[in-house]
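Reading through the structure tokens given below for one structure.
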Amino acid sequence: MVTGATSGIGKEAAKMLASDGARVIIVGRNQEKCQQTVKEIITETKNKNLEYLLADFQYLGEIRLLAEKFHTKYDKLDVLINNAGVYLKRRETTADGRELSFSVNYLAPFFLTNLLLPALKKSDSARIINVSSLSHLGAKIDFDDIFSEKSNQHPKFAYRRSKLALIMFTYELARQLKNSNITVNAVCPGGVATALWKTNNDLQTKATRLIVPLLKTPQQAAGLLVYLAESPEANNISGKFFALKKHSRFRNYNYKNTISKSSPESYILPDQKKLWQVSKELVGFG
Ligand SMILES: NC(=O)c1ccc[n+]([C@@H]2O[C@H](COP(=O)([O-])OP(=O)(O)OC[C@H]3O[C@@H](n4cnc5c(N)ncnc54)[C@H](OP(=O)(O)O)[C@@H]3O)[C@@H](O)[C@H]2O)c1
């Protein structure tokens, strides 16, 4: 299952997995885009084992329904790629008033992963890949202000915190799943030429937009996700952060040896545990 597979890195990852013969479920929020993506991937790869499930990740109810549909239709899940993400131009909130990027980029994959764990446990060897970002460096989770109401409201800060939260979740989950059949890792795909750069308007994004055509392609970035999903080498690696630190499309990328250090904040154990507890309460899980 690949979330955010209607565009950019997720779409390329779904295509590559389909090319390799996998049965792929793409997750998107827009039915037309999902149908179009499925059609495109089937045409290009000749693999007809492709389906889609719908959910807008700002709505917890839709995520719950997505998981229920999955459990009704399928028995087990081998790979979950939590890739969907937004980088907003201005602060936006969900229907229940929560900051949107933290909700979509972090709370949604936290919830979805927990709901799908029973199916992942049925796989012989399951892998979870969380698409984070090096932009988490320097971010801190403020447990008194999870949805950035009191702090600087520019969405780039909420984006960075969402990506930090995703890494902390990865480390905590890896510990909980130690000695199980499931591995979980986080990745940063590095700078990639995708629609993500079209939205935000901070200075760094504006500058990056000028060089987007030089950034690595979605295929090059998706290669890391597929490496982690398929490679026998990655079979026993869990609780790590992989980053493609170079950004140019004119390089060859070797996905092996891309294990990196995440920020010092991401390794603070009591914070990881506290975040897990807070997240559980926020999504009403368990
Ligand atoms: N591009 C980069 O340089 C870069 C760098 C570091 C990390 N990342 C991360 O890589 C991941 C993929 O991003 P991308 O660069 O491929 O961008 P993208 O082309 O904009 O793809 C984002 C995907 O997320 C989906 N999505 C957005 N909001 C959603 C919601 N509310 N519910 C469900 N799905 C939603 C989008 O659906 P629609 O097609 O309907 O919009 C799209 O499929 C993100 O997590 C991003 O933070 C990207």
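Along the sequence shown, residues carry numbers from 1.
The minimum heavy-atom distance between Val86 and Tyr159, with the atom names listed, is O-CD1, 3.2 Å. Gly8 and Thr194 get closest at one heavy-atom pair: CA-CG2, 4.0 Å. Considering every non-hydrogen atom in both Ile41 and Ala14, the closest pair reads CD1-CB, 3.9 Å. Across every non-hydrogen atom of Phe70 and Lys76, the tightest pair is CZ-O, 3.6 Å. Asn47 approaches Ala22 most closely through the heavy-atom pair ND2-O, 2.8 Å. In terms of heavy-atom proximity, Ile26 sits nearest to Cys34 at CD1-O, 3.8 Å.
Residue pairs meeting the salt bridge (charged side-chain N to carboxylate O under 4.0 Å, His left out) criterion with at least one member in residues 271-285, sequence neighbours excluded, are Glu172-Lys273. The side-chain hydrogen bond (donor to acceptor under 3.5 Å, both in side chains) pairs that include a residue from residues 231-251 are Ser125-Asn235, Arg127-Asn235, Tyr227-Glu233, where partners are two or more places apart or lie in different chains.
Residues Phe110 and Leu164 share a single hydrophobic cluster, defined by chaining ILVMFWY side chains whose heavy atoms lie under 4.5 Å apart. Taken together through direct or relayed side-chain contacts under 4.5 Å among Ile, Leu, Val, Met, Phe, Trp and Tyr, Ile25 and Ile9 form parts of separate hydrophobic clusters. Both Leu173 and Leu112 belong to a single network of hydrophobic side chains, linked directly or stepwise wherever heavy atoms of I, L, V, M, F, W or Y lie under 4.5 Å apart. Hydrophobic clustering of Ile, Leu, Val, Met, Phe, Trp and Tyr side chains at less than 4.5 Å, counting indirect connections, keeps Leu225 apart from Leu116.
One finds the CG atom of Leu166 at 15.0 Å from the CZ atom of Arg161 (value rounded to the nearest 0.5 Å). Note that CD of Glu62 and NZ of Lys69 are 8.5 Å apart. Values are rounded to the nearest 0.5 Å. Once rounded to the nearest 0.5 Å, the distance linking CG of Leu88 with CG of Leu196 reads 9.5 Å. In this structure, Leu117 CG and Ile182 CD1 are separated by 5.5 Å, a value rounded to the nearest 0.5 Å. Residue Glu44 holds its CD atom at 3.5 Å from NZ of Lys15, rounded to the nearest 0.5 Å. If you take CZ on Phe169 and OG on Ser266, they are separated by 14.5 Å, rounding to the nearest 0.5 Å.
Without hydrogens or angle criteria, Lys163 side chain to Val131 main chain gives a donor-acceptor distance under 3.5 Å. Looking only at distances, a side-chain donor or acceptor of His136 sits under 3.5 Å from a matching main-chain atom of Ser263. In this structure, Asp56 contributes its side chain and Gln58 its backbone to a donor-acceptor pair below 3.5 Å. Put simply, the side chain of Ser148 never gets that close to the backbone of Ser151: no donor and acceptor are under 3.5 Å apart. In terms of modelled atom types and a separation under 3.5 Å, the side chain of His71 and the main chain of Glu68 share no donor-acceptor contact. Of the possible donor and acceptor atoms, none in the side chain of Asn105 sits under 3.5 Å from a partner among the backbone N and O of Ser162. Using a distance-only test at 3.5 Å, with no hydrogens or angles considered, a donor-acceptor pair links the side chain of Asn185 to the main chain of Gly239.
Remark: Asn82 engages Thr113, Asn130 in a side chain to side chain donor-acceptor pair (under 3.5 Å) (not counting sequence neighbours). Scanning for side-chain contact (heavy atoms from CB on, under 4.5 Å) contacts around Gln36 gives an empty result, with sequence neighbours left out. For Asp144, the side-chain contact (heavy atoms from CB on, under 4.5 Å) partners two or more places apart in sequence, or in a different chain, are Asp142, Lys150. Residues passing the side-chain contact (heavy atoms from CB on, under 4.5 Å) test with Ser103, sequence neighbours excluded: Thr94, Arg98, Phe147. When the side chain to side chain donor-acceptor pair (under 3.5 Å) test is applied to Glu149, no partner is found at least two apart in sequence or on another chain. Partners of Glu51 by side chain to side chain donor-acceptor pair (under 3.5 Å), not counting sequence neighbours, listed by chain and number: Lys73, Tyr74. In this view, Arg23 satisfies the side chain to side chain donor-acceptor pair (under 3.5 Å) rule with no residue, not counting sequence neighbours. Every residue two or more places apart in sequence or in another chain that forms a side-chain contact (heavy atoms from CB on, under 4.5 Å) with Lys206 is listed here: Asn201, Arg209.
Within a 6.0 Å radius of CG in Leu203, no more than 12 heavy atoms belonging to other residues, nucleotides or ligands are found. Within 6.0 Å of atom CG in Asp124, 12 or fewer heavy atoms from other residues, nucleotides or ligands are found, so the atom counts as exposed in its surroundings.
Side-chain contact between Gln220 and Glu12: absent, with no pair of heavy atoms (C-beta onward) separated by less than 4.5 Å. In this structure, the side chains of Val79 and Met1 stay at 4.5 Å or more apart for every pair of heavy atoms. Looking at heavy atoms from C-beta onward, Leu120 lies in side-chain contact with Ile128 at the 4.5 angstrom threshold. Looking only at side-chain heavy atoms (C-beta outward), Phe242 and Tyr255 stay at 4.5 Å or farther from each other. Leu66 has its side chain out of reach of Leu115: every pair of non-hydrogen atoms, C-beta onward, lies at least 4.5 Å apart.
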Checklist line | Verdict with reasoning, Tyr52 to Thr37, per side chain to side chain contact (heavy atoms under 4.5 Å, CB included) | finding: CA-CA 9 Å; Tyr52 70 87; Thr37 304; over 6 Å; no
Checklist line | Working for side chain to side chain donor-acceptor pair (under 3.5 Å), residues Ser279 and Tyr106 | finding: CA-CA 9 Å; Ser279 309; Tyr106 166 63; 2.6 Å; yes
Next item on the list: Dump the intermediate steps for side chain to side chain contact (heavy atoms under 4.5 Å, CB included) on Val283 and Leu107, then the final yes or no.
Entry: CA-CA 7 Å; Val283 301; Leu107 273 183; 3.9 Å; yes
Margin query: Between Asn30 and Thr6, does the side chain to side chain contact (heavy atoms under 4.5 Å, CB included) criterion hold? Intermediate values first, please.
Written below: CA-CA 8 Å; Asn30 176 314; Thr6 46; 5.9 Å; no
Next item on the list: List the steps and the verdict of side chain to side chain contact (heavy atoms under 4.5 Å, CB included) for Ile141 and Met168.
Entry: CA-CA 10 Å; Ile141 304 292; Met168 292 164 73; 3.9 Å; yes
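Counting Ile, Leu, Val, Met, Phe, Trp and Tyr side chains that sit under 4.5 Å apart, directly or through other members, Leu214 shares a hydrophobic cluster with Trp197, Ile211, Val212, Leu215, Phe250. Through side-chain heavy atoms spaced under 4.5 Å, either directly or across other Ile, Leu, Val, Met, Phe, Trp or Tyr residues, Phe241 is tied to Leu134, Leu137, Ile167, Tyr171, Tyr267.
Donor-acceptor pairing under 3.5 Å is lacking for the side chains of Asn83 and Thr3. Tyr253 and Thr258 are not linked by any side-chain donor-acceptor pair at a separation below 3.5 angstrom, with hydrogens and angles left out of the test.
Salt-bridge annotation for Lys11 and Glu40: present, with a side-chain N of the basic residue lying under 4.0 Å from a carboxylate O of the acidic one. The existence of a salt bridge linking Arg91 and Glu99 is excluded, since no basic side-chain nitrogen approaches an acidic carboxylate oxygen closer than 4.0 Å.
Only one option out of Asn254, Val187, Val192, Leu224 pairs with Leu244 in a side chain to side chain contact (heavy atoms under 4.5 Å, CB included); it is Leu224.
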